[in-house]
A.B. asks: 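Handing you a structure now.
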Amino acid sequence: MRKEFEELRNLMKKTQGMNPDLLEKRIKSLEWRIQTSSLTLEEEKKLIQRIADMEKRLSEAKKMLKIKEKGNEERAEFLARRIELATIRQKISGLISEITEKRKTLKALREERNKLVKELDELSSQIQNKSKEIDDIQKQIDAKKKELDELTKAKKAMEQGFSISRANVAEVIEKKKKIAEEKLKKGERLSFDEIYALYGDHRGNNEDGDNIH
């Protein structure tokens, strides 16, 4: 289009803005003069040369008009394209703004994700620590249960042993009681243990019953 506009300016300078219709009228007028007038050979030659120059200018003027018309069409198309380009630029600007907002949102989401990951790591660490504490407490509970079982077994063993001991004491006292009764029948003197075996309180879990001495 620039090239054609430049050509148009050059043609306008050559034709000096002459109207093609006016040039055609002048050409026809000169042709009619040659046909109807008595001219010398030199005059006719000059007129023919003048007509040739004017036809050249007419051709350039018509070409100029075509280029001008084409230029107007292309200018209109150019303006339409500029409007279309402005619309596209506006859309691009809107898309850029939208992308900028999306990037801001994405950045915020990444920061939130990193924060959540950090909190999750901290919670996982706390859970591991609590699990370790629970394992330690469970071990202590198991140890205490084992200790309690051992104490219970020991207690049962002691109770069984104590029952056996009381049975032995009762057997000894019974023997001494029989001996004391035999001595009384014979009129013999009784010892303290024999007197206690014969007349003492043997009901069991008192100090006198547990220690016959």
A.B. asks: Applying a strict under-4.5 Å side-chain criterion to I, L, V, M, F, W and Y, I'd like to know whether Leu184 and Ile179 cluster together.
C.D. replies: no
A.B. asks: For the pair Ser93 (side chain) and Arg89 (backbone), establish whether a donor and an acceptor sit closer than 3.5 Å, ignoring hydrogens and angles.
C.D. replies: no
A.B. asks: Is a side-chain N or O of Ser59 found less than 3.5 angstrom from the main chain of Glu55, in a donor-acceptor match?
C.D. replies: no
A.B. asks: Can you list the residues that meet the salt bridge (Lys or Arg N to Asp or Glu O under 4.0 Å) rule with Glu133, with sequence neighbours excluded?
C.D. replies: Lys130
A.B. asks: Could you verify whether a donor N or O on one side chain and an acceptor N or O on the other, from Gln140 and Asp136, lie under 3.5 Å apart?
C.D. replies: no
A.B. asks: As a quick check of understanding, evaluate side-chain contact (heavy atoms from CB on, under 4.5 Å) for Leu58 and Met54, giving each step before the final call.
C.D. replies: CA-CA 6 Å; Leu58 176 62; Met54 292 182 71; over 6 Å; no
A.B. asks: What's the separation between atom OG1 in Thr87 and atom CD1 in Ile92, rounded to the nearest 0.5 Å?
C.D. replies: 11.0 Å
A.B. asks: Is Arg81 paired with Glu77 through a side-chain N to carboxylate O contact shorter than 4.0 Å?
C.D. replies: yes
A.B. asks: Report all side-chain donor-acceptor pairs from residues 29-43 shorter than 3.5 Å, counting only partners two or more places apart or in another chain.
C.D. replies:
from: Thr36; atom 1: OG1; to: Trp32; atom 2: O; distance (Å): 2.6
from: Ser37; atom 1: OG; to: Arg33; atom 2: O; distance (Å): 3.0
from: Thr40; atom 1: OG1; to: Glu43; atom 2: N; distance (Å): 3.2
from: Glu43; atom 1: OE1; to: Thr40; atom 2: N; distance (Å): 3.3

A.B. asks: Run the side-chain contact (heavy atoms from CB on, under 4.5 Å) test on Asp53 and Gln49 for me, step by step, so that the C-alpha distance in whole Å, both residues' side-chain angles and the decisive distance to 0.1 Å come before the verdict.
C.D. replies: CA-CA 6 Å; Asp53 292 338; Gln49 183 64 41; 3.4 Å; yes
A.B. asks: Atom CD of Glu122 and atom NZ of Lys118: how far apart are they, to the nearest 0.5 Å?
C.D. replies: 6.0 Å
A.B. asks: Dump the intermediate steps for salt bridge (Lys or Arg N to Asp or Glu O under 4.0 Å) on Glu111 and Lys115, then the final yes or no.
C.D. replies: CA-CA 6 Å; Glu111 291 176 353; Lys115 181 180 178 182; over 6 Å; no
A.B. asks: Output the distance between atom NZ (Lys62) and atom CG (Asp21), rounded to the nearest 0.5 Å.
C.D. replies: 8.5 Å
A.B. asks: Answer yes or no: does atom CD of Glu119 have more than 12 heavy-atom neighbours from other residues, nucleotides or ligands under 6.0 Å?
C.D. replies: yes
A.B. asks: Which ILVMFWY residues are connected to Ile141, directly or by a chain of links, through side-chain heavy atoms under 4.5 Å apart?
C.D. replies: Ile137
A.B. asks: Hey, could you give me the OG1/CG distance between Thr100 and Leu95, rounded to the nearest 0.5 Å?
C.D. replies: 10.5 Å
A.B. asks: Is it true that Ile99 and Leu106 fall in one hydrophobic cluster, defined by side-chain heavy atoms closer than 4.5 Å?
C.D. replies: no
A.B. asks: What is the distance from atom CG of Leu79 to atom CG of Leu85, rounded to the nearest 0.5 Å?
C.D. replies: 12.0 Å
A.B. asks: Any donor and acceptor pair, going by atom type alone, linking the side chain of Ser125 with main-chain N or O of Asp121 inside 3.5 Å?
C.D. replies: no
A.B. asks: Going from CZ on Arg113 to CG on Leu120, what distance comes out if it is rounded to the nearest 0.5 angstrom?
C.D. replies: 13.0 Å
